[in-house]
Amino acid sequence: QVHLVESGGGLVQAGGSLRLSCTASGNIFSIGAMGWYRQAPGAQRELVARIRSGGSTNYADSVKGRFTISRDNAQRTVYLQMSSLKAEDTGLYYCHTSAKTGYYSAVADYWGQGTQVTVSS
């Protein structure tokens, strides 16, 4: 099993910044892409940003130029630096990864429990 633990959420005023962190632990053979998704009340979960093991990234159009995703492969940690936050960035932010627990195991999706980000206008 792979466990993802997020931290760094909180309440911030519009225009402010937050940095989210997520560390993977457990029975890990290999980790592929890591990313952040968010879900606002009454809305579907959506991709915010994703970074592959080689470092390539992709972002939701709504956060381009404001958010930066990075990872530390040695620490099995992914970060999301969020700047110029807007009220519409409010939501529960989930960490995600695709990982294998053994050489012959299939790649599986794992999710964190979520960290709340609230941006006041």
Side-chain angles (χ1 to χ4, degrees):
Q1 188 63 279
V2 176
H3 303 281
L4 298 175
V5 178
E6 303 118 329
S7 63
L11 174 64
V12 64
Q13 288 188 332
S17 299
L18 282 175
R19 188 191 194 209
L20 305 183
S21 300
C22 170
T23 299
S25 63
N27 185 24
I28 300 171
F29 176 78
S30 64
I31 293 180
M34 301 185 80
W36 292 93
Y37 289 70
R38 69 186 178 193
Q39 188 167 20
Q44 290 190 332
R45 192 175 299 186
E46 62 175 358
L47 173 69
V48 176
R50 179 171 52 213
I51 183 167
R52 294 168 182 78
S53 56
S56 62
T57 60
N58 58 287
Y59 295 88
D61 287 342
S62 60
V63 307
K64 285 180 180 177
R66 300 188 297 121
F67 291 10
T68 302
I69 190 169
S70 60
R71 65 189 285 170
D72 182 333
N73 290 329
Q75 298 298 322
R76 295 172 173 171
T77 298
V78 62
Y79 304 96
L80 185 68
Q81 179 66 47
M82 304 184 293
S83 302
S84 302
L85 282 161
K86 305 176 181 179
E88 51 263 43
D89 294 318
T90 294
L92 194 56
Y93 282 67
Y94 294 93
C95 179
H96 168 269
T97 190
S98 300
K100 296 179 64 173
T101 56
Y103 182 82
Y104 295 105
S105 69
V107 175
D109 292 319
Y110 297 92
W111 295 89
Q113 292 191 325
T115 185
Q116 179 67 37
V117 172
T118 302
V119 184
S120 62
S121 57

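What you see below is based on every heavy atom in this structure, not just the backbone, and it leaves out hydrogens, waters and symmetry mates.
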Criterion side chain to side chain contact (heavy atoms under 4.5 Å, CB included) on T90 and Q116, from CA distance to verdict: CA-CA 8 Å; T90 294; Q116 179 67 37; 4.0 Å; yes

Under-4.0 Å salt bridge between K86 and D89: no

Aromatic ring pairing W111/H96, orientation class (parallel under 30°, perpendicular over 60°, tilted between): tilted

Straight-line distance of S56 OG to R50 CZ, nearest 0.5 Å: 9.0 Å

Closest approach of Y79 to S21 (non-hydrogen atoms, all atoms of both residues): CD2-OG, 3.3 Å

CD/Q113: more than 12 non-hydrogen atoms of other groups inside 6.0 Å: no

Under the side-chain contact (heavy atoms from CB on, under 4.5 Å) test, residues paired with Q75 that sit two or more places apart: D72, T77

Chi angles and distances behind the side chain to side chain contact (heavy atoms under 4.5 Å, CB included) call for T97, R76: CA-CA 10 Å; T97 190; R76 295 172 173 171; over 6 Å; no

Pairing residues for R45 by the side-chain hydrogen bond (donor to acceptor under 3.5 Å, both in side chains) criterion, not counting sequence neighbours: none

Sequence neighbours excluded - salt bridge (charged side-chain N to carboxylate O under 4.0 Å, His left out) pairs with any residue from residues 96-107: none

Closest heavy-atom pair and its distance - S17, S84: OG-N, 4.4 Å

Partners passing side-chain hydrogen bond (donor to acceptor under 3.5 Å, both in side chains) against S62 (at least two apart in sequence or in another chain): R38

V119: hydrophobic cluster co-members (side-chain, 4.5 Å): V2, L4, V12, L18, L20, I28, I31, M34, W36, V48, I51, Y59, V63, F67, I69, V78, L80, M82, L85, Y93, Y110, V117

Connected via hydrophobic side-chain network under 4.5 Å: V107 and Y104: no

Shortest non-hydrogen contact from T101 toward S105: N-OG, 3.1 Å

Heavy-atom neighbours of Q13 CD exceed 12 at 6.0 Å: no

Pairs meeting criterion disulfide bond (SG atoms under 2.5 Å apart) with involvement of residues 14-121, two or more places apart: C22-C95

